[in-house]
Amino acid sequence: MNEQIPVIRDVDQGTARLMPDVDTERGWLLTVDGAPQSYVDLDDPAHLEFEYARRLAHLVDLLADEGAPLDAVHLGGGALTLPRYVAATRPGSRQQVAEADRGLLALVAEHLPLPADSGITVHGADARAWLEAAPDDSADLLIADVFGGSRVPAHLTSVEYARQARRVLRPGGTYAANLADGAPFAFLRSQLATLAAVFPELALIAEPAVLRGRRFGNAVLVASDREIDTAGLARRTAADPFPARVEWGEAVDRFTGDARPVRDADAVPSPVPPDGAFGIG
């Protein structure tokens, strides 16, 4: 049993809490202002508690031969759950993480330290500013999981931003973003239109209840210049404890509808989640 005590600290973007998992000796939940951000099991970094993280991990698993290393960029760090997963399942991967909240990074480094040989380099920097300075054709995978509080910042939602992501990806590389929205999906639809203006291949992963507009929730968007393994993603996400649906092709076109790509000049953050949408307990 985990007899550690919670850690509470003011960080740059609010109040962070690291709470021990009473059922897992070295499991920790990170929240910021009450919103769950990350779950990490230091003894088992391949264990993923959050559904959206599992969906992103399925994508990681399908990108290359089992165990083959990847060059990955993570925009948004939290407790570094997905970088730890990649390091554990694809040893030798080189990973860069851009996280703007340096206070949060210090808390994570102190209480949830990375292994010395993790191959993960963490940068205390704004995600877009870091991306714009990153070299061309330098990543196989780029994952965006950036929430200021519970909202995706506006400057990470535009065509100009998406073009920077594609520039940093190698040919055949994959972009994935964790977003959140609810009916009538103005934000999510605009994000699909935005990525479609930059990448020829798109897929959308979300729980059926979210896609039907019954509740607010996470959606993972995947984009690439090569065909996405939607069949593989569909098999894996359907087998999860909270099954998800994978949409692509005409289904994504129908969902996007008449939404227009977002430009920097008119970009807005993702919507404020309704009370209780991402609460715990």
Side-chain angles (χ1 to χ4, degrees), residues 1-58 60 74-89 95 97-115 118 120 122 124 127 143-152 176-180 206-207 210 215-220 237 240-242 244 270 272-281:
M1 180 173 287
N2 192 344
E3 297 180 356
Q4 304 270 8
I5 59 171
V7 179
I8 303 172
R9 186 177 297 176
D10 288 334
V11 294
D12 302 358
Q13 296 184 10
T15 300
R17 285 177 168 81
L18 273 176
M19 293 181 285
D21 182 344
V22 296
D23 297 319
T24 304
E25 185 173 351
R26 298 183 76 207
W28 292 89
L29 174 69
L30 169 68
T31 68
V32 178
D33 289 342
Q37 298 285 325
S38 305
Y39 179 94
V40 169
D41 182 346
L42 292 175
D43 288 333
D44 183 10
H47 171 74
L48 301 172
E49 192 77 11
F50 293 170
E51 292 86 9
Y52 85 84
R54 280 200 290 273
R55 291 164 196 156
L56 288 166
H58 294 323
V60 169
H74 303 262
L75 304 182
L80 309 174
T81 303
L82 280 162
R84 296 174 200 264
Y85 178 87
V86 174
T89 60
Q95 301 187 79
V97 180
E99 167 60 61
D101 193 324
R102 297 182 184 211
L104 182 61
L105 289 178
L107 173 68
V108 170
E110 180 180 345
H111 292 277
L112 308 175
L114 291 167
S118 69
I120 300 166
V122 180
I143 294 177
D145 185 16
V146 184
F147 285 82
S150 296
R151 306 178 74 186
V152 178
N178 176 42
L179 305 175
E207 286 181 43
V210 172
R215 67 175 184 85
F216 191 99
N218 291 96
V220 170
T237 57
D240 278 338
F242 293 89
S270 65
V272 177
D275 287 346
F278 296 121
I280 52 172

Count the heavy atoms of every other residue, nucleotide or ligand shown that sit under 6.0 Å from CZ of Arg102, and state whether that count exceeds 12.
no
Quiz prompt | Side-chain heavy-atom pair Gln37, Leu104 within 4.5 angstrom cut-off | solution = no
key: Under 3.5 Å donor-acceptor, Asn218 side chain and Tyr52 backbone   = no
Fill in: Note, Ile120 side chain near Val97 side chain (heavy atom, < 4.5 Å)
yes
Does the side chain of Ile8 reach to within under 4.5 Å of the side chain of Thr15, using non-hydrogen atoms? yes
In this structure, OG1 of Thr24 is separated from OH of Tyr39 (nearest 0.5 Å) by 3.5 Å
| said: Quick one, Phe216 and Val210 - any side-chain contact, counting heavy atoms below 4.5 Å? | reply: no
Does the side chain of Leu80 come within less than 4.5 Å of Leu112's, by heavy atoms?
no
Requested in this report: Decide yes or no for Asn178 and Phe50: does some side-chain heavy atom of the first lie under 4.5 Å from some side-chain heavy atom of the second?
Outcome: no
Tell me, do His58 and Asp240 make a side-chain contact under 4.5 Å, heavy atoms counted? yes
Rounded to the nearest 0.5 Å, the CG atom of Asp41 sits from the CG atom of Asp23 at a distance of 11.5 Å
(request) Answer whether the closest heavy-atom distance between the side chains of Leu42 and Arg84 falls below 4.5 Å. (result) yes
Please check if the number of heavy atoms outside Arg17 that lie under 6.0 Å from its CZ is greater than 12.
no
